Engineer: 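Would you mind keeping the following structure in view while I ask a few things?
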Amino acid sequence: MLIKIRKSWEMRESDVTPEALFKNRRQFLKTGAAALAGGLVGGMLSRHAFAAWPGVGEMLGAVGKSKFDPGEELTPWDAVTSYNNFYEFGTDKADPVNTAQDFQTDPWTVEVAGACAKPGRYAFEDLMKPHPLEERIYRHRCVEAWSMVVPWLGVPLADVIKRLEPLGNAKYVAFETLFDPAQMPGQRRDVLAWPYREGLRMDEAMHPLTLLSVGVYGKTLPPQNGAPLRLVMPWKYGFKGIKSIVKITFVEGQPPTSWNMAARHEYGFYANVNPAVDHPRWSQAKERRIGEFRKRDTLPFNGYGDEVAALYADMDLSKFF
Ligand SMILES: Nc1nc2c(c(=O)[nH]1)N[C@H]1C(S)=C(S)[C@@H](COP(=O)(O)O)O[C@H]1N2
Ligand SMILES: [Mo]
């Protein structure tokens with residue numbers, strides 16, 4: 001039954017752009033056809049597991065309408081996949097779409113280390129396949145004061161972490177991107193201290209909004225967006241969303257993070273979107289949505305305050321920025 005429905009979604013229309021395909025699908029879902037299909041699979045439409053993992057740029061299969069949807073216009077596929085920050089592939093936003101195309105992401109191994117009961121080297125598929133995939137339409141706010149609205153596909157990081165069984169002294173989770181200067185031309189220069197590192201407090205990592213993303217616009221992630229897996233946290237500045245992860249470590253103390261190491265007074269560990277705390281060199285009060293000219297007001301926690309403000313209730317956010 002599930003397979004039948006999946007096939008009906010998986011229109012491999014190579015002459016249709018992913019964005020058009022995605023819009024059609026959303027429209028289809030709105031018309032009520034989804035209710036019919038949803039009935040057939042007993043409400044499982046929005047959660048879906050794979051038989052085999054699709055290759056780069058291939059459709060990830062059935063994912064129903066997301067309850068995570070700000071209801072704002074999606075940033076087009078072309079912008080999401082050609083205006084990127086991924087310094088391993090160059091510092092210009094137009095670089096990664098060109099220089100990352102031959103990036104090898106299959107096979108891919110993720111090392112799990114530190115304070116957990118299930119450390120080891122996991123094949124990407126083994127790490128991700130047990131978990132049903134979800135669609136999450138999230139606002140994406142870069143520290144550089146531009147924003148997008150992006151339909152990610154992924155798995156709550158909490159689901160993956162639970163399976164790795166962190167120990168009581170695991171207070172933070174640290175992440176590392178691949179270090180491979182042969183493939184990543186940006187790593188041949190000391191723009192950042194490679195590999196790119198990020199980290200989260202355990203409660204942030206376990207928060208239901210925190211997504212380990214494997215896809216965008218219904219397809220597997222393109223290399224420039226962090227294939228094969230990257231972090232997405234919609235209430236934080238984009239730089240927390242570390243791409244092409246090869247290592248996850250459970251640690252007791254706050255781990256060092258790349259942008260914080262590069263400029264401590266400019267990029268804090270928390271990096272929560274906050275219009276009231278300016279970057280030392282520019283205001284964070286407003287943002288430009290990619291594709292628009294007008295400036296929008298930036299919202300506290302990027303508009304996700306109802307969900308996440310409690311995590312930081314006791315903290316001075318001008319100090320812990
Ligand atoms: N490894 C790595 N991850 C990274 C970056 C990077 O340079 N290297 N840039 C970050 C920044 S600043 C942003 S805004 C987002 C951009 O993600 P996107 O290109 O998918 O929009 O990725 C983040 N993750
Ligand atoms: Mo960013």
Side-chain angles (χ1 to χ4, degrees), residues 74-101 103 105 108 110 136-154 174-181 183-200 210-217 219-248 256-263 266-268 271-273 279 281-282 284 287-291 298 302:
L74 298 178
T75 301
W77 159 269
D78 285 343
V80 172
T81 60
S82 68
Y83 187 85
N84 302 102
N85 271 335
F86 199 170
Y87 276 22
E88 286 85 339
F89 291 102
T91 53
D92 195 289
K93 280 176 224 354
D95 287 339
V97 67
N98 294 313
T99 60
Q101 288 318 307
F103 184 44
T105 55
W108 189 270
V110 180
R136 301 282 184 96
I137 300 171
Y138 278 165
R139 292 193 203 91
H140 171 30
R141 171 62 158 79
C142 179
V143 72
E144 298 166 287
W146 50 265
S147 64
M148 298 185 180
V149 179
V150 184
W152 301 107
L153 296 178
F175 301 87
E176 284 179 29
T177 294
L178 179 69
F179 179 69
D180 187 356
Q183 287 203 79
M184 296 171 141
Q187 290 179 332
R188 292 169 214 158
R189 294 191 296 135
D190 292 335
V191 193
L192 286 171
W194 312 113
Y196 195 101
R197 293 164 200 271
E198 259 308 333
L200 301 171
T210 303
L211 194 71
L212 204 47
S213 174
V214 297
V216 67
Y217 267 114
K219 295 184 162 194
T220 54
L221 287 173
Q224 63 270 29
N225 291 91
L229 80 165
R230 58 89 54 87
L231 209 59
V232 177
M233 310 185 68
W235 73 96
K236 291 181 181 284
Y237 292 120
F239 68 85
K240 295 300 280 186
I242 181 171
K243 294 176 170 180
S244 305
I245 296 164
V246 293
K247 190 168 181 185
I248 300 174
T257 59
S258 285
W259 279 104
N260 185 251
M261 285 190 283
E266 298 195 1
Y267 310 101
N272 292 318
V273 174
H279 185 282
R281 290 183 280 129
W282 60 83
Q284 294 290 23
E287 66 198 58
R288 193 176 72 82
R289 184 68 49 86
I290 296 302
T298 288
N302 203 23

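Owing to the predicted nature of the structure, the values given are computational and were not obtained by experimental measurement. Counting starts at 1 for both ligands and their atoms, in listed order.
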Engineer: Which atoms from ligand 1 have a heavy atom of Thr177 less than 4.0 Å away?
Structural biologist: 1 (N)
Engineer: Closer than 4.0 Å to some heavy atom of Trp152 - which atoms of ligand 1 meet that?
Structural biologist: 20 (O)
Engineer: Select one of side chain, backbone, both or neither to describe which atoms of Glu144 lie under 4.0 Å from any atom of ligand 1, heavy atoms only.
Structural biologist: neither
Engineer: Are Glu144 and Asn85 close enough that a side-chain donor and a side-chain acceptor fall under 3.5 Å?
Structural biologist: yes
Engineer: What atoms of ligand 1 come within less than 4.0 Å of a heavy atom belonging to Cys142?
Structural biologist: 14 (S)
Engineer: Taking all atoms of both residues into account, what is the closest heavy-atom pair of Met233 and Leu200, and its distance?
Structural biologist: SD-CD2, 3.2 Å
Engineer: Below a 4.0 angstrom heavy-atom separation, can you tell me which part of Glu88, side chain or backbone, both or neither, approaches ligand 1?
Structural biologist: side chain
Engineer: Quick check on the 6.0 Å ring-centre criterion: do Tyr267 and Phe239 meet it?
Structural biologist: yes
Engineer: So is Glu198 in contact with ligand 1, going by heavy-atom distances below 4.0 Å?
Structural biologist: no
Engineer: Numbering the atoms of ligand 1 from 1, which are under 4.0 Å from a heavy atom of Asn84?
Structural biologist: 18 (P), 19 (O)
Engineer: Any side-chain donor paired with an acceptor under 3.5 Å for Ser147 and Arg289?
Structural biologist: yes
Engineer: Closest non-hydrogen protein atom to atom 3 (N) of ligand 1, residue and atom name please, with distance?
Structural biologist: Lys243 N, 3.2 Å
Engineer: Do Lys219's NZ or CZ and the ring of Trp77 fall within the cation-pi criteria of under 6.0 Å and 45°?
Structural biologist: yes
Engineer: Will you find, in the side chains of Asn272 and Lys236, an N or O donor that is under 3.5 Å from an N or O acceptor?
Structural biologist: yes
Engineer: Nearest non-hydrogen contact with atom 4 (C) of ligand 1 belongs to which option: Phe175, Trp259, Phe239, Tyr196?
Structural biologist: Tyr196
Engineer: Checking contacts here: is it the side chain or the backbone of His140 that comes within 4.0 Å of ligand 1, counting heavy atoms only? Could be both or neither.
Structural biologist: side chain
Engineer: Please determine, by modelled atom types, if Gln183 and Glu88 share a side-chain donor-acceptor pair under 3.5 angstrom.
Structural biologist: no
Engineer: Below the 3.5 angstrom mark, is there an N/O of Tyr87, backbone or side chain, next to an N/O of ligand 1?
Structural biologist: yes
Engineer: Where is the nearest protein heavy atom to atom 9 (N) of ligand 1: which residue, which atom, and how far?
Structural biologist: Asn85 O, 3.2 Å
Engineer: If we only count N/O pairs under 3.5 Å, is Tyr83 in contact with ligand 1?
Structural biologist: no
Engineer: Can you confirm, on distance only, whether ligand 1 has an N/O atom lying under 3.5 Å from any N/O atom belonging to Gly241?
Structural biologist: yes
Engineer: When you look at Val191 and Tyr87, which way does the side chain to side chain contact (heavy atoms under 4.5 Å, CB included) test go after all the steps?
Structural biologist: CA-CA 8 Å; Val191 193; Tyr87 276 22; 3.8 Å; yes
Engineer: Using a distance-only test with no angle check, is there a side-chain donor-acceptor pair under 3.5 angstrom linking Thr298 and Gln284?
Structural biologist: no
